[in-house]
Asks: 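One structure, pasted below without further comment.
It should be emphasised that the depicted structure is a prediction, and the values quoted were computed from it without experimental measurement.
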Amino acid sequence: MGYIHCCGALHKTRTFRLVPKGDFVLCELDYLSKCPVCGHTVVQLTRIDKDDNISIVRKINKKAKEFFKKLKSFILYEIRTINYNRVNTGRFYLNYNEFGIKKRCYSNLRSLKIGLAENKDLKINP
């Protein structure tokens, strides 16, 4: 799902992947049927060529609808985001013990040092 900047804000759009023509490697079309603020229809075509140069074509209202109809035959597929169910995810905190102090890990599991005991002979202790 793409975004188009209109009326000072980013609005979610329907994103389509198009058949690349010429020297272009990637072509995407973002379609905003109605801006919630001004009510305009906005279409934006973004193309990337072999040298990583980006070209953008943007149309509004009547020209946008005609531009979208013209490019409809070149659409390969629509890019859709995966909607996953967040209801099943719980709020789990990993309680662990570091140097005899009970701590709670919220997110960074890689930096955990579980089961460390204070030993002055170890080289990893500062």
Side-chain angles (χ1 to χ4, degrees):
M1 178 174 291
Y3 292 92
I4 287 182
H5 189 268
C6 184
C7 300
L10 291 174
H11 302 290
K12 290 182 181 179
T13 61
R14 293 177 61 191
T15 304
F16 301 97
R17 185 69 48 98
L18 301 177
V19 177
K21 289 192 171 185
D23 292 336
F24 294 107
V25 177
L26 180 71
C27 295
E28 284 190 357
L29 181 74
D30 293 320
Y31 179 71
L32 178 64
S33 60
K34 184 178 179 183
C35 175
V37 179
C38 62
H40 289 162
T41 301
V42 183
V43 173
Q44 182 172 319
L45 176 66
T46 307
R47 300 177 294 185
I48 301 175
D49 65 359
K50 294 177 183 175
D51 299 327
D52 292 333
N53 296 323
I54 298 173
S55 66
I56 297 173
V57 179
R58 183 182 171 111
K59 305 283 183 183
I60 298 173
N61 287 337
K62 185 179 178 183
K63 290 183 181 180
K65 291 176 185 174
E66 292 171 1
F67 189 61
F68 183 70
K69 286 179 186 176
K70 180 181 173 184
L71 294 177
K72 220 173 194 179
S73 61
F74 300 112
I75 293 176
L76 292 174
Y77 57 90
E78 181 177 357
I79 300 171
R80 295 187 182 187
T81 57
I82 299 171
N83 294 327
Y84 59 92
N85 189 1
R86 298 191 79 192
V87 175
N88 294 335
T89 59
R91 293 181 181 243
F92 174 74
Y93 303 111
L94 180 63
N95 294 316
Y96 68 99
N97 190 354
E98 182 180 12
F99 300 118
I101 301 168
K102 288 189 177 181
K103 294 185 177 180
R104 181 176 276 185
C105 176
Y106 295 97
S107 63
N108 193 2
L109 297 176
R110 285 189 173 198
S111 66
L112 283 180
K113 298 175 184 172
I114 298 175
L116 286 180
E118 200 165 353
N119 188 349
K120 295 178 183 177
D121 298 330
L122 287 177
K123 292 180 182 179
I124 62 170
N125 286 336

Asks: Are Glu28 and Ile79 side-chain neighbours, meaning at least one heavy-atom pair lies under 4.5 Å?
Replies: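 Yes - at least one pair of side-chain heavy atoms lies under 4.5 Å apart.
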
Asks: Can you see which heavy atom on Cys27 is nearest to which on Arg47, and at what distance?
Replies: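 Nearest pair, atom of Cys27 first, then Arg47: SG-CG, 3.7 Å.
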
Asks: Under 3.5 Å, side chain of His11 to main-chain N/O of Pro36, donor-acceptor pair present?
Replies: no

Asks: Under a single-linkage definition using a 4.5 Å side-chain heavy-atom cutoff for Ile, Leu, Val, Met, Phe, Trp and Tyr, are Ile56 and Ile4 assigned to the same hydrophobic cluster?
Replies: no

Asks: With a sphere of 6.0 Å drawn around CG of Asp23, does it hold more than 12 non-hydrogen atoms of other residues, nucleotides or ligands?
Replies: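 No.
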
Asks: Can you name the closest pair of heavy atoms from Thr13 and Tyr3 and give their distance?
Replies: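 Looking at all heavy atoms of both residues, the closest pair is OG1-N, 3.7 Å.
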
Asks: For residues 56-78, which residue pairs qualify under salt bridge (Lys or Arg N to Asp or Glu O under 4.0 Å), counting only residues two or more places apart or in two chains?
Replies: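 Output for this query lists Arg14-Glu78, Glu78-Arg80.
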
Asks: Going by side chain to side chain contact (heavy atoms under 4.5 Å, CB included), name the residues that satisfy it together with Cys7, two or more places apart in sequence or in a different chain.
Replies: Cys35, Val37, Cys38

Asks: Taking ILVMFWY side chains as joined if any heavy atoms are under 4.5 angstrom apart, and letting links pass through other members, which residues group with Val43?
Replies: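 Direct or chained contacts put Val43 with Phe16, Leu18, Leu29, Tyr31, Leu45, Val57, Phe67, Phe68, Leu71, Phe74, Ile75.
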
Asks: Quick check against the 3.5 Å criterion: does Thr41 have a side-chain atom that pairs as donor or acceptor with the backbone of Ala64?
Replies: no

Asks: Do Leu32 and Asp30 come close enough that some side-chain heavy atom pair is under 4.5 Å?
Replies: no

Asks: What are the two closest heavy atoms between Cys6 and Val42, and how far apart are they?
Replies: SG-CG2, 4.3 Å

Asks: Kindly indicate whether the side chain of His40, heavy atoms from C-beta on, has any atom under 4.5 Å from the side chain of Asn61.
Replies: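 With C-beta onward as the side chain, the pair touches.
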
